[in-house]
2 protein chains.
Amino acid sequence: MLDDVEQKILEVMLQDARISLKDLAARVGMSSPSVSERLRRLEERRVIRGYTVEIDPKALGYQLQAIVRIRPLPGQLQVVQKLIENTPEFGECDKVTGEDCYIARLFVRSIEQLDQVLDRIVDKAETHTAIVKMQPIRRRAPPLRLG
Amino acid sequence: MLDDVEQKILEVMLQDARISLKDLAARVGMSSPSVSERLRRLEERRVIRGYTVEIDPKALGYQLQAIVRIRPLPGQLQVVQKLIENTPEFGECDKVTGEDCYIARLFVRSIEQLDQVLDRIVDKAETHTAIVKMQPIRRRAPPLRLG
DNA sequence: CGTGAAATCCATGGCCG
DNA sequence: CGGCCATGGATTTCACG
């Protein structure tokens with residue numbers, strides 16, 4: 001799926017996506033034009049979806065994260081999904097199998113704000129809320145080499 | 001917490017972290033050196049944790065994602081956390097309040113691999129697994145402006 | 001697909017408003 | 001704090017293996 005060079009490129013870019021082509025090329029032992037072409041193809045193949053900046057929620061005042069399991073009441077599925085999408089404090093939302101239709105991550109500044117956000121859903125869905133105490137794995141790409 | 005310029009910078013960088021300073025400067029209506037300085041300070045303040053590449057798991061063959069709630073058996077908490085951390089297929093893991101000690105995201109290639117990964121935990125914890133069917137919100141930064 | 005050299009473009013640091 | 005300008009680097013293009 002990925003050759004050695006592509007794997008190395010992604011490993012380096014996962015750590016610092018703003019590295020210069022020159023430095024990246026040195027790290028993978030190739031010339032800049034080659035590495036540039038490799039990147040272009042990884043983007044074209046959509047292995048690389050894009051480049052982004054990692055922002056620390058705490059530095060913006062979001063002291064609290066919660067994982068919320070959400071089970072919309074009968075007939076409220078679409079309404080609830082739209083509500084989640086339109087609430088910017090939700091930073092992630094997966095629609096999953098099982099009784100809980102949605103599992104979502106919430107960034108909030110306080111317990112009060114958590115309460116406030118959940119109150120907007122409470123008459124349309126059952127929710128189970130778990131406060132994040134620690135993040136043993138904050139975010140990690142899937143293994144680049146087949147396991 | 002963020003002034004207008006900083007907010008704009010982050011908005012642009014969230015979309016494309018490899019944009020040149022020149023283009024970024026044009027987008028925020030300032031000179032390159034000024035924007036460069038702003039970026040440096042955002043990094044220094046640790047609002048910006050880093051720059052990374054977004055990889056599409058499906059393009060690497062990970063056709064399936066699952067959200068797993070994990071409740072270690074008595075005495076197995078540390079063991080289970082280490083096991084999760086050392087299993088590269090886990091792409092996220094939060095330690096949370098409530099009966100489920102951990103909530104984790106799993107990238108796998110198949111149901112067989114899912115079974116295989118969960119089998120390594122089954123004698124140390126109770127698990128509830130939900131297969132991801134859709135991602136209404138894939139990943140989103142918290143609101144840059146206070147809500 | 002890769003390299004190396006040349007031309008263009010960009011980032012950086014000093015200095016002035 | 002920000003703009004401008006000059007200089008040193010980085011990126012891109014192209015001819016060639």
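All values reported here derive from a predicted model rather than from experimental measurement. Order of the sequence lines fixes the chain letters, A, B, ..., with proteins taken first and strands second; residue numbering starts at 1 for each chain. In what follows, every heavy atom counts, from backbone to side chain, and hydrogens, waters and symmetry copies are set aside.
Within 6.0 Å of CZ in B:Arg46 there are 12 or fewer heavy atoms belonging to other residues, nucleotides or ligands. Heavy atoms from other residues, nucleotides or ligands lying under 6.0 Å from CZ of A:Arg40 number more than 12. Other residues, nucleotides and ligands contribute over 12 non-hydrogen atoms within 6.0 Å of the NZ atom of A:Lys133.
Taking both residues in full, the closest heavy atoms of B:Leu21 and B:Ser36 are given as CD1-CB, 3.7 Å, listed atom of the first, atom of the second, then distance. The shortest non-hydrogen separation linking A:Ala104 to A:Ile70 is CB-CD1, 4.4 Å. Shortest non-hydrogen contact noted between B:Leu42 and B:Leu2 is CD2-CD2, 4.1 Å. Contact between A:Leu83 and A:Lys124 at its shortest, heavy atoms only, is CD2-CD, 4.4 Å.
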Output the pairing pattern of DNA chain C as a dot-bracket string, 5' first, Watson-Crick or G-U wobble with both distances under 3.5 Å, | for cross-strand pairs, [ ] for crossing pairs. .||||||||||||||||

Per-nucleotide protein contact string for nucleotides 1-13 of chain C (B base, S sugar-phosphate only, - none; heavy atom under 4.0 Å): SSBB-----SSBB

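Taking atom CG of residue B:Leu42 and atom C1' of nucleotide D:dC1, one finds them 15 Å apart after rounding to whole Å. Remark: C1' of D:dG2 and CG of B:Asp4 are 16 Å apart, rounded to the nearest angstrom.
Using a cutoff of 4.0 Å between basic side-chain nitrogens and carboxylate oxygens, B:Lys82 and B:Glu85 are scored as salt-bridged.
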